[in-house]
Every structure is written in C-alpha cells, then in structure tokens.
Amino acid sequence: MARFVMEFERPLVELEEKLAELKALDVASLPDLAAEIEDLEREVERLRDTLYAALSPWERVQVSRHPERPKTDDYLSALFTDVVELKGDRAYGDDEAIMAALATLDGRRVVVIGHRKGRTTKENVRRNFGSPHPEGFRKARRAMLLAAKFGLPVVTLLDTAGAYPGLEDEERGQAWAIAECLATLSDLPVPVVVVGIGEGGSGGALAIGFGDRLIMLENAYYSVISPEMCAMILYKDTARAAESASALALTADDLVRLGIADEIVPEPPGGAHRDPAPVIAAVGSRISAALDVLSGTDSARLQHERYERLRAIGVFDESAG
Amino acid sequence: MARFVMEFERPLVELEEKLAELKALDVASLPDLAAEIEDLEREVERLRDTLYAALSPWERVQVSRHPERPKTDDYLSALFTDVVELKGDRAYGDDEAIMAALATLDGRRVVVIGHRKGRTTKENVRRNFGSPHPEGFRKARRAMLLAAKFGLPVVTLLDTAGAYPGLEDEERGQAWAIAECLATLSDLPVPVVVVGIGEGGSGGALAIGFGDRLIMLENAYYSVISPEMCAMILYKDTARAAESASALALTADDLVRLGIADEIVPEPPGGAHRDPAPVIAAVGSRISAALDVLSGTDSARLQHERYERLRAIGVFDESAG
Amino acid sequence: MPINDWFKQRERRRYTVTSGVSGSLPDGVWRTCPGCRKTLYQGDVARSHSVCPHCDHHFELIASDRIALLVDEGSFAEIDAGLTSADPLRFSAAKPYAQSVRAARESTGLSDAAVTGRATIDGVPVAIGALDFRFVGASMGSVVGEKVTRLFELALEERRAAVIVVASGGARMQEGMLSLMQMAKTAAAAERLARAGLPYVSILVNPTYGGVTASFAVLADVIFAEPGALVGFAGPRLVEQTIRRSLPKGFQSAESLVEHGMIDGVVQRGELRGRVATVLGYLMADAAGTPAVAGDV
Amino acid sequence: MPINDWFKQRERRRYTVTSGVSGSLPDGVWRTCPGCRKTLYQGDVARSHSVCPHCDHHFELIASDRIALLVDEGSFAEIDAGLTSADPLRFSAAKPYAQSVRAARESTGLSDAAVTGRATIDGVPVAIGALDFRFVGASMGSVVGEKVTRLFELALEERRAAVIVVASGGARMQEGMLSLMQMAKTAAAAERLARAGLPYVSILVNPTYGGVTASFAVLADVIFAEPGALVGFAGPRLVEQTIRRSLPKGFQSAESLVEHGMIDGVVQRGELRGRVATVLGYLMADAAGTPAVAGDV
Ligand SMILES: [Zn+2]
Ligand SMILES: [Zn+2]
C-alpha cells in the first residue's frame, strides 16, 4: 500500500522522493552525487522539522483523518483483553459505526464504547465510515446503563466525522438518540473517561464524548462543526477550511485552554500513524491512571463533580439584569 | 347501516324479519293476522331468551368482536375528561393500534392505555384493526413510565385480536417490545386497573393486560391463543373454533374461576352493543371503585401485592423432588 | 450546522419563515402571507396570535410574545437578563462574531437568544423560557446554554414545572466547543429535573435544528410542536446532499414527527396555552411530594 | 401459537430440528446431518457438542446436556424436580393434554420441559435452567412458569447470576390463560432480579417462539444465540400467511437477529461456556455489594 500523503506534507514527500531517486543512482559514476545527497538530506531534515514542529489546526485535522491513524479497533486489540461485544439497541438494529463491549484494561473491568471507522473500504462501508445512525447511539446508551447497573467504569473513544445526516436517520430520531445519550451520560453513577483519538465531530462525538476526564491525542480534534461546513457557511467555499479550523478552536491545546480537556497525549512528529504502538500504550496508561483516581470516588460524588464540571463550561458576561 | 348479525343469532333474526313482514300487512283485511302476530311475538321472545340466556364461549367471542361493540374510543369519550394523548415511542413511530393518554375519570387524574380498534374501515386500516406493532407497545411502556414518574394510576382497556404477526414487526422486535412492557408493568409503583372490554388476544393483550385488578365485561374474552388458531393446531380446521373456545377457558367466568379476573360487568342480553351507555357507565364506576381502594396503598405495598398476585397464578402438583 | 441550510432553503423554496416578525410590525401595515400569498392587515394577524386566518400559516413570533401566549397575564418575571456573550474565541472569520451579537442586540433589544423567567400557567408555578430566532438564528452559545441550565435549576430548586418554547438553528459555532458543550450542560440539567420527578414540557416551533434539537429540546416529558414547524438534527439541504435525491414532502415537519413517533402532538398556536395547562395539571399534581420512582421516560 | 407452525415448517422445508435428539442416541449409530446431508457417526457428533464437523449444523440437545455444556463439572444440583402438570382445564380437545404430558414424561424421563438448579460456571455461583424441546415443544405452562420464576427468586435470594438456555414453541395452550399469565409472572421475577442489580444471561437455541420469547427469554442483560437458531414471536408460517409473500432468507435466524439489534451475538456451541463465564466475570464482580443504580437496560 502506497503511503497516504496529506496535502501539507506534499513538498516534503516530493523532496524525499527526489532524494530516493538520487540514492538509487550509481555513486561511483557520478563524482558530485555524494555531496548532493548530503545537501538534500539536510534539507529534508530541516523541512521535516519545520513542517511537523507546529502543525496548524487544519493540518492537525488532516492528521486526525489519516487513513492509517490508529483506530478504536487498534486500541481495543492492543490494550484490552477478554473483550465481549455488546450488540444492538434491542429495537431496530446494530450499528457498526459504534462499538460497545465489556473489556478489561490492566486487570480492570470496564465498558468500552467507541466510534468505529474501518480499515478497509469494505469495512468502512459496513461501518458507514464511522458516522453513527440513531441505533448506534441507542446501543451506546444501553451499554452505559449496563455499566451503571453493574458498577463498571465507562471508557469511550472518540473518532467520528459526526452523526450521519441521512434521511432515515432523521426519521428514526437522530436528535432524540443523541439527546438521550447526553442525559444518561451526565448522570451515570460510574467513572467515565473519554479519549479523543481522532475526529471529534460535533453532536455525534459528544453523545459519548464527555465525562469525568477528557484525554486528547495531540492531533485529535473536537469541534462544534466541521471546518469544511463552517467554511461553507462563512465563505460559501469549503476550500477555506483552514481559516475555519483556526477560528473554531478545535485542537487539543485549545480544549485544554478552554477548560474542556484535561490532558494531551503527545504524538510522534507527523502523527500517531508514524509510530502507533507508543501512542496507544500511553493512552492505556493515561486511562488507567484516570480510573485509579476516579475509582476511589463514590457514585453520588462522581455525579456531583461531573455536573459541576459541565456547569463550569461557558464564557459570558453578567451584569445585574 | 344494516345491523351486523352474528352467526348464532341468525335463526332469531330470521324470525324477527318474518314478524316485521307480518306487521307490515293490513290487519283489517286479514282476520287471522293479529293472532298469528301474537304467536310469533311470543316465539321470538322465547327464542331470544334461550339464545341469549347462556351464551357459549364461542358465541361470547363473536359478541366480543361485534363491530358495533363499544370500543376504547367510546369509553374514552364517555368516561374521561381533559384527555391529552401521548403519542409515539420516541424512536420509530406512533402506532395508532394502541392509544395512551393523560385523562381524568371522576375527578381522578390517570394515564389511560388501550388497544384501539376503529369504527370505520378507514380508521381500522390506519389502526391495523387494533393489532399493535412493536412501537405501540413501546409507546405504552413510555406512558407507563410517565405514570410512574408522576404518581398517576394506570387504567388499561383491552381489545385486540393480538400483536400483529407481520414481517417488519418481527424484525423490529415484537417479542422484545412485549416483554419489556411486562417487566415494566409488573413493578410499576402506581395502581394498575385493567378492563377487558372486548378481545383479549394473547401476548398483545397481556402486554398491557395485568395489574392490581382485572375487570372483565361479561362477553369479553382473554385467551392464550385465538380459538381459530387453536382449532387449526388441534383439528387442522378453523371451523372447529367453537370446540377450541370451550376448551381454552377464555370467558370472564373462566377467568374469575381461575383466580385471574376479579369481577365481571354484566352486559344486556345479546351484548354490550345492544345498549352501550349503562355498560360503559358501570365500567367507569368499577374502575373508580377499584382506584378508591388502591389509592390508599403505598407504592412498595402495591408492587409487593401485584407480584404476589402473579406469583399465585399457576396450577401444578408438587412432590418432593 | 443547519442555520445556513435554513436560510438557503428559505431563499430557494419560499419557506414559511418571514424576515419581518409580527411582533415588531406596527398594526397599520399590510403584509403578504407566505402560506397563501394573500395580503393581510397586520392588526388582524396580531389579534389571531399571528396565525393567518386563511391558510393557518403560523408566523414567527418573538420570545416575549411566545411567553405571553402561554403564561397567566402579568405573571412573568424575567431572570438572568444581564447575561451577554463574551466572544471567548475572538471569532472574526468572515464576519466578526462580536459585531453580529451587537447588531442582534440592537435590532432585537434582547441580550441574547433566550428569554427566561418565573411565571404561572393557570396558577401552576413554572420556570419558562423561549428562544428568539431573530438573535443569531436562536443558536445556542454560552449565554443560551447557561440561561437554559439556570432555568432547569430554578425549576428544581423552587419545584416548578419547566416549559420551553424552542426555536434554533443549532449550536452557535462562533463559540466553538464552548457551544457544543452547552448541549451536555443543558441535557444534564434537564436530567436532574427529571430525576427529581418534576415535569418538563417543550414546544418546538419553526425552525428547530442541530445541537438544540439534540439536547434539551427533546428531553421533555411531553413534546408539542406548532403546525408546519420544521424540526430535525441535520438541515434539509445537508440531508439532500447526503442522500443525493430530493426530500419527501413534509420531511421534518411537525406532522411527520408525530407519525415517526417523536412528539406527542401538533398543537394550534391558539390552543397551546390550554393544552400545556392541562398537561401541567396532570404532572404537577404531586409537585409537593417526592416521586415514587425516578422514571426513565 | 407457533409450535404447530414449527412442525409444519419442519415437514415442508427440512428445517434443522431433528426428531432424534443426540443425547438420546447410542454412540454406535449412524445418522444423516440435516445441514449437509452427510452421514455422521453418532460418537463423533456427541464428542463435538453435537455440532456437525462438516457444516456446523447444531443438533438439538436435551436439557441436561445444555446444562452440562455450561457448568463446572459436577456442580449442578437440580431444584424443584417434583413439579408436575395438573391439567387444570381438563383439556381434552383432540388429544387429551394429560395424555400428552404422560407420554412426554415417559419418553424423556423429565417431569416437565424445564430443568433448573444451582451450579457454578468458572466458580461463579449461578441459578441455571434449560428448556427441553422434546417435552410438549418446551411450551410454557404452569410448571415451566413456576420453575423459571423460582429460579429467578433463587438467584435473588442467594445472589447468584441467572443463566437460562431457552428453546420453546411458546405458551402451553392446553393450560389456557394460566399459561399466558406465566409470561407476566416470569417477567416480573426477571425484573425483580434486575432491580437488585444481579445479572441474567440468556442463550436462545433453536427454536424459540411465542410467549416465551416475549417474556423472560429476552429480558436478559446479555443475550446470545446459537448459530442458525430461529427465534421470533410469531411462527414463520403465520407471518407468511399474514404478509402473503414468501419470507426473506435467514428470516428470524440468530444471525439476522444480530443485524436487527435484538441480541448481542451468535456463539458457537463449543464457545458458549467460555463466553458466558467471561460475561459473568464482568457482571458478578460486585455481586456482594448493592448496585449503584437500578438500571433500565
Ligand atoms: Zn395565509
Ligand atoms: Zn452437516
């Protein structure tokens, strides 16, 4: 499989390709080649540093969507054991765009809920590219209630472009399914740890996307609206998504600054797909650390603190009415 | 509209028609006519008495299905005021075969849930002839939970041939929808009074068909299976439904004898459709009387007694295992 | 985010939102009904709750009229009127957010899109709110989220019923994630009220979309909508682009929401007050006691 | 009532229920697999949990084998073995019920269709039951209803997990309304267990229909089914008559139930025990404490 190249990486990739070409030539027959290769290598190095040193918000969005980026399935197989999937909403269908499971992390039994993008086209079609239908949210809610009933902490993994805006989805109550998730999650009597591993697209992410801790990967985003749709509204031009991405304050850094996210898991230069294993491992230990702290808290206090945490979000001025 | 004639009434109706013909003749021109009319009137009287005096189970089933029999809508408009319908299951659809409403009976606020047959063909098509889909049961369950939340007693009216055995109904979880109603109803912290007003067809009736009191109309039936289907299984012949009806112990009398129903509301000879008003009024006062008693009971006790009531149903022998 | 879809729709299809809102027009004005194209005298429109006497078209109403339509005369006392947007992201892409808010405040006289307060309906104490579509499409940012949350908290504290008339284009994107989180915040407050066994009735009016639909708007015990109101999560244009075919007639209309099991009924504007009062009579009868069960409705 | 449909189906379509049940056949017998028509040696069939090694067809199992398949060896102790049917309606239409029951008792050696008792699964204390289709189509009358109810009550009292392997033609019509009411009775007992925060896992096997599906069978926290098991409310023949067209392939199969969101998964018979043990490990971890919330799952 050819490496997937993100738009902003193109200059670097072109240079890297040129370098590879030179290296393929016969050094012995070309006296200046060695020096030229050395120069180019330095230049590639320099460009790589500047390119990846401080990604722009829009570049991070692209990284978060990289097809080789580690996905819910990767975290599940690397970090969790004894996984038993919970399927279906007991009313209409089983939505493969959201997975729910009983699973064990470092010896701790939890319920995992995550958006599930596919790795292959076939998988992605079955999973609707990770965009849930109402029954996906209803399955998630069933899993939350099961966790509550049996005192299991909930771990959620966010990676969706958003809830699917289809005709039948509207008819089957997409808004209702999301709202009920929000209400249930807000008052769940067990610890809830959320990890933004990739895309955090609006209401479809939020439905399983808040709790007692929010851990963001460095290049994951979480946004009220996609940069493209925002650009469409602001400029009638999706090509201006980069500007929108900056305006929306959707990066992990922004979320910490706004008091919404708690911590950031660093990624290797260029993104988690460059070297997934340490990123996945770090996520595992951050989740465990968060659960270690939260497990000591009784449920009434958890519910109270989660409410206060939400209650504090919002910035406004207040004068005597 | 021509009067609907039930099979077993045919001999009587024929005699009544003959009598009407004679009465239309000119008495003056036919000297023996007056005597003949008198004879026939006596015979009609005698036949009416014997026909309606003790209806067989199968005859009662026919009466319970009489198209002019008072239906949920009739009880609703005659007995209840301030009716606000609750519609939809908040997930898939609003099933018109089951109605749920906030309503007031004799100044007492309740939640009413009832199977709803139509009066016209058009209504019946929309209401699927009173055979609920899964979303009907899910709406009923939503209404039950609303009643529980706000401490309102529940009154249910049974009149269905059964849950609809359609393809999509199976796919949308007909069994699941019914089972969840049963579980919810069994533990509802408010009084539940059930009235069998017409047909009580199997699981589709039971889903809203048990509680703290079961009041049966004299000709209503409540059965584990329809007499026709039972005859099909036993004799491979639906025409032998009369025998099945007798075997199934499905009449109001049978239910009282089996300890399942509490009381019977008498109907006029020939059935409630002959004179609906007093029957409907009697049902209203029986419901009120039942609620008067039950309203004094706290919810834990209600739940306990309802469980014990169910617990006592069943006949078996027990020897040391 | 559907606000834009919404405006697009309006241009393309002569949708039934009118830019001139009845409440802000003088009586002596003539206007054209977008439903039947008849010319109406504003005085008549105002007298009939801004419903067209010919075709039943429900004109947009401003928040204060929405509340006046429901509550006992003179019973409304506003709360949290001093909350205003702080432009936390310094959002200046295309059109500066601060400027949009300032313009909205000037043209509407409101501090933001939500008006909330105490009132009674047929004597029943309520915490009531209404959203005003003129104010940045009644989108939910920090102020709307905070006011709605405080409204639920007021209901909980003073054992009032919550009643909200909802119209909205969705989350207010100019406040980014702070807006999105208001969905969770308002849902959490609604859930607390529900657990306490207190009633909440919502009335969805034209248009209600996006993150507002998908949070507090639909978490009510009983949900009504006005005739013809369009309600959904994704805006119709986005849905059309997604499915690449035209939408069925009546898609996302209040009437179709009843069919799809999402709301309890479509109620004529003139009958709303009576209907809500009746419902509250049922659900607030035991307001003084604690509920037997924290139902999950 | 679907039992009959069921038999009809079997004749007409060579359905996958075999009249000879593996558990009752001697090892030295050869039999034909209804799945692939291959001839199998009963000894091999028995050794592979009665699953065809060629086509994965799951043969019917008797109740005691169902239980043995799941529990720790030697841990099962039966309860309520002395309950027998009393023919309360003196049902004698067509074929006397008492006679059917007597014949079933003789041919199966069971007292009725349900076998229940205490056991452990991977050391976890369970209240376990299984239904035996040979006994009047594993239909639920007073005895099955009572035994299932007592099983849930035992689980509640001794803080055990409930595990039931379900197969059934539905309610036992020969006991009339007493049978129908067992649906409510077993559902009530399952609900009590749920409110106490104790787990219940059901395993649906071929065939599960009617009033049993529509009561305790599907009220479990986690529901599994065996491959190819047919599960529904109305029997396939009745559905076909109702819709007046032929049924889609796989209708009411365990695999389609997963797609339609009704069960958590299809599990190979050989893996059932491990899967159930794993689930109980999660749901019984806190068996000693009281649950934080009486969830409504
Ligand atoms: Zn008009
Ligand atoms: Zn085979």
Side-chain angles (χ1 to χ4, degrees), chain B residues 145 163-187 200 202-203 205-207 209-210 222-225 229-235 240 243-244 246-250 254-255 258 260 306-307 310-311 313-321, chain D residues 1 3-4 78-86 88-89 91-95 142-143 145-146 149 171-173 175-185 187-188 190-192 194-195 210-211 213-219 231-234 238-239 242-243 247-248 251-252 256 260-262:
Chain B
L145 291 170
Y164 192 65
L167 174 79
E168 283 87 7
D169 301 80
E170 287 294 317
E171 291 183 335
R172 289 201 301 273
Q174 191 68 284
W176 278 253
I178 292 172
E180 279 161 19
C181 268
L182 299 180
T184 299
L185 198 51
S186 75
D187 205 39
S202 189
L206 186 70
F210 69 98
Y222 202 167
S223 181
V224 65
I225 186 173
M229 271 174 93
C230 182
M232 191 65 208
I233 293 176
L234 293 177
Y235 310 108
R240 296 181 68 175
E243 288 159 79
S244 297
S246 296
L248 286 166
L250 48 66
D254 291 323
L255 263 69
L258 291 169
I260 295 170
R306 191 176 315 134
Y307 187 79
L310 281 174
R311 206 56 202 81
I313 299 176
V315 177
F316 49 86
D317 295 321
E318 184 162 16
S319 63
Chain D
M1 188 195 230
I3 308 181
N4 190 53
E78 194 176 356
I79 57 166
D80 301 323
L83 266 62
T84 51
S85 168
L89 305 188
F91 195 97
S92 57
K95 187 180 172 192
S142 295
V143 174
E146 181 71 16
T149 300
R172 189 169 295 175
M173 72 180 186
E175 294 185 26
M177 279 300 290
L178 294 172
S179 284
L180 190 75
M181 295 306 293
Q182 303 307 310
M183 290 172 64
K185 183 166 120 182
E191 178 70 6
R192 279 204 159 185
R195 295 237 170 236
T213 314
S215 61
F216 69 90
V218 302
L219 290 170
V231 178
F233 179 60
L238 175 59
V239 175
T242 304
I243 65 171
L247 300 169
F251 178 64
Q252 295 185 323
S256 85
H260 288 291
M262 298 302 155

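Numbers restart at 1 for each chain; the letters A, B, ... are given by sequence-line order, proteins then strands. Heavy-atom basis, side chains included; hydrogens, waters and symmetry copies ignored.
The shortest heavy-atom contact between Gly166(B) and Ile243(D) is CA-CG2, 4.2 Å. When all heavy atoms are compared, the tightest approach of Ala175(B) to Val218(D) is O-CG2, 4.1 Å. Smallest separation of non-hydrogen atoms from Val224(B) and Gly176(D): CB-O, 3.4 Å. For the pair Cys230(B) and Met173(D), the tightest heavy-atom approach, listed with the atom from each and the gap, is SG-SD, 3.8 Å. Across all their heavy atoms, Ile178(B) and Ala214(D) have their closest contact at CG2-O, 3.9 Å. Annotation for Leu180(D) and Ser223(B): closest pair CD2-O, 4.1 Å, computed over non-hydrogen atoms.
Interatomic distance, CD of Gln174(B) versus OG1 of Thr213(D), reported as 11.5 Å (0.5 Å rounding). A distance of 7.5 Å separates CD in Glu318(B) from CD in Glu146(D), rounded to the nearest 0.5 Å. Going from atom CZ of Arg311(B) over to atom CE of Met181(D) covers 13.0 Å, rounded to the nearest 0.5 Å. In this structure, CD1 on Ile260(B) lies 5.0 Å from CE on Met177(D), to the nearest 0.5 angstrom.
The greatest number of non-hydrogen atom pairs below 4.5 Å with chain B, out of Ala184(D), Ala217(D), Ala187(D), is found for Ala184(D). By number of non-hydrogen pairs under 4.5 angstrom with chain D, the leading residue of Ala163(B), Ala183(B), Ser202(B) is Ala183(B). Between chain B and the residues Ser256(D), Ala190(D), Ser215(D), the most heavy-atom pairs under 4.5 angstrom are made by Ser215(D). Heavy-atom pairs under 4.5 Å with chain D were tallied for Trp176(B), Tyr164(B), Phe210(B); the largest tally goes to Trp176(B).
If you measure heavy-atom distances from Arg172(B) to chain D, the contacts under 4.5 Å come from the backbone alone. For chain D, the nearby part of Leu255(B) is the side chain; its heavy atoms alone come within less than 4.5 Å. When heavy atoms are compared at a cutoff of 4.5 Å, Glu170(B) approaches chain D solely by way of its side chain, counted from C-beta outward. For chain D, the nearby part of Asp187(B) is the side chain; its heavy atoms alone come within less than 4.5 Å. Contacts between Thr84(D) and chain B at a heavy-atom distance below 4.5 Å involve backbone atoms as well as side-chain atoms. Only the side chain of Tyr235(B) comes within contact range of chain D, with heavy atoms under 4.5 Å apart. Using a 4.5 Å cut-off between heavy atoms, Leu248(B) touches chain D through backbone and side chain atoms alike.
With sequence neighbours excluded, the residues forming a side chain to side chain contact (heavy atoms under 4.5 Å, CB included) with Ala188(D) are Ser186(B), Tyr307(B), Leu310(B), listed by chain and number. Partners of Glu191(D) under the salt bridge (Lys or Arg N to Asp or Glu O under 4.0 Å) rule, at least two apart in sequence or in another chain, are Arg195(D).
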Apply the test side chain to side chain contact (heavy atoms under 4.5 Å, CB included) to residues Val239(D) and Asp169(B): give CA-CA distance (whole Å), side-chain angles for both, the deciding distance (0.1 Å), then the verdict.
CA-CA 10 Å; Val239(D) 175; Asp169(B) 301 80; over 6 Å; no
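With a 4.5 Å cut-off on side-chain heavy atoms, Leu234(B) and Phe91(D) count as touching.
Side-chain N or O atoms of Ser142(D) include one that pairs as donor or acceptor with a backbone N or O of Val315(B) at under 3.5 Å.
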